[in-house]
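Following: one structure in structure tokens, then a few remarks.
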Amino acid sequence: MGDEGKAISDALAFWKQFNLRQKSNEIDSQILKIYDKEQASTENRKNLAKVTKELGSLSEKAKLKAIRPVIRAYQMEIDQLTQRATFSENALIGIYKGLCDAPDPTAHLDAAVKNLGKLRKFEVRSTQNLSSSLGPISASNYNLSHRKRLQGFARSFIVMRKNSRA
């Protein structure tokens, strides 16, 4: 196997081991989790905005009592955003790690397409050569077949002639 064949073989082995279909399912699952976390974060930000607005309308004394739960809510949201970012980063890094060593299949696919073209041309030429080589054989087979039919007619004619004389 030449260098090109080995490169194609190595690329094929990599992509079989990579298991693109399984990776695609994993990525789909991760994307759904990221989307869910994003939706929850949007809802939490709306609630925080509402609580913060309500906090502004309270008296100073009431604000001091109400500020502690609001600060905890902000801290929880910051923690959730951090978890969401970490999850998203890990998902991206996982995809990157899987693909960073992947051989670029375009060169191999291009070579395969060119080889298919050559194979088709070879196939056409071979068929043409075979047809031209078989031409005389086909003609002689036709002549032989035609000759056998004529001999059969001749025998039938001779038999009919004998029967008519008798």
Side-chain angles (χ1 to χ4, degrees), residues 1-139 141:
M1 185 179 326
D3 289 341
E4 186 178 287
K6 180 167 178 9
I8 290 172
S9 178
D10 290 347
L12 179 62
F14 173 86
W15 284 106
K16 280 184 178 181
Q17 183 181 6
F18 184 76
N19 195 349
L20 186 59
R21 191 171 305 258
Q22 179 186 351
K23 293 285 189 221
S24 180
N25 291 337
E26 290 171 9
I27 292 168
D28 288 345
S29 173
Q30 291 170 339
I31 293 295
L32 290 174
K33 287 177 185 175
I34 290 170
Y35 178 77
D36 290 343
K37 290 178 183 221
E38 182 181 14
Q39 294 300 314
S41 181
T42 300
E43 192 62 36
N44 287 341
R45 282 194 311 270
K46 287 179 185 178
N47 290 336
L48 285 172
K50 180 181 169 187
V51 171
T52 303
K53 188 175 183 179
E54 290 172 358
L55 190 63
S57 65
L58 297 175
S59 68
E60 291 301 316
K61 201 172 200 178
K63 280 183 188 178
L64 287 175
K65 286 184 179 180
I67 195 89
R68 197 171 282 197
V70 173
I71 291 173
R72 280 193 199 121
Y74 272 99
Q75 287 173 334
M76 285 177 48
E77 180 59 18
I78 290 169
D79 290 345
Q80 288 175 352
L81 287 171
T82 302
Q83 288 173 359
R84 184 175 125 202
T86 302
F87 182 83
S88 299
E89 290 165 359
N90 287 339
L92 179 63
I93 289 169
I95 294 168
Y96 175 76
K97 281 181 179 178
L99 291 175
C100 70
D101 293 331
D104 183 3
T106 55
H108 307 303
L109 292 172
D110 188 42
V113 168
K114 286 178 184 175
N115 286 337
L116 274 175
K118 289 177 185 177
L119 183 62
R120 285 190 184 120
K121 287 178 185 176
F122 176 75
E123 202 172 37
V124 167
R125 268 190 265 126
S126 295
T127 303
Q128 289 171 344
N129 290 343
L130 190 58
S131 294
S132 65
S133 297
L134 289 177
I137 294 172
S138 295
N141 279 346

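The shortest non-hydrogen separation linking Phe14 to Gly98 is CZ-O, 3.4 Å.
Note that CD1 of Ile27 is 10.0 Å distant from CG of Leu92, once rounded to the nearest 0.5 Å. Going from atom CG of Leu32 over to atom CD of Gln30 covers 10.5 Å, rounded to the nearest 0.5 Å. Distance check, rounded to the nearest 0.5 Å: CG of Leu12 to NZ of Lys16 gives 4.5 Å. Met76 contributes atom CE, which lies 11.5 Å from atom CG of Leu81 (distance to the nearest 0.5 angstrom). Here the CZ-CG distance, from Arg45 to Asn47, works out to 11.5 Å after rounding to the nearest 0.5 Å. With values rounded to the nearest 0.5 angstrom, Glu77 atom CD is found 6.0 Å from Leu48 atom CG.
Taking the ring centre of Phe87 as origin, the terminal cationic atom of Lys37 falls inside the region bounded by 6.0 Å and 45° from the ring axis.
Ring-plane geometry between Trp15 and Phe18 is classed as perpendicular, the angle between the planes exceeding 60 degrees on a 0 to 90 degree scale with a lower cut at 30.
Counted within 6.0 Å of CG on Asp101, heavy atoms from surrounding residues, nucleotides or ligands total 12 or fewer; the atom is thus considered open. Residue Gln17 qualifies as open at atom CD: its count of foreign heavy atoms under 6.0 Å is 12 or below.
Pairs passing the side-chain hydrogen bond (donor to acceptor under 3.5 Å, both in side chains) check and including a residue from residues 54-75, sequence neighbours excluded, read Thr52-Tyr74.
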* Should Lys50 and Lys46 be marked as a side-chain contact (heavy atoms from CB on, under 4.5 Å) after you check the CA-CA gap, both sets of side-chain angles, and the distance that decides it? -> CA-CA 6 Å; Lys50 180 181 169 187; Lys46 287 179 185 178; over 6 Å; no
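In the model, Gln39 has no side-chain atom that pairs as donor or acceptor with a side-chain atom of Glu43 under 3.5 Å. Looking at Arg84 and Ser88, their side chains never bring a donor and an acceptor atom within 3.5 Å of each other.
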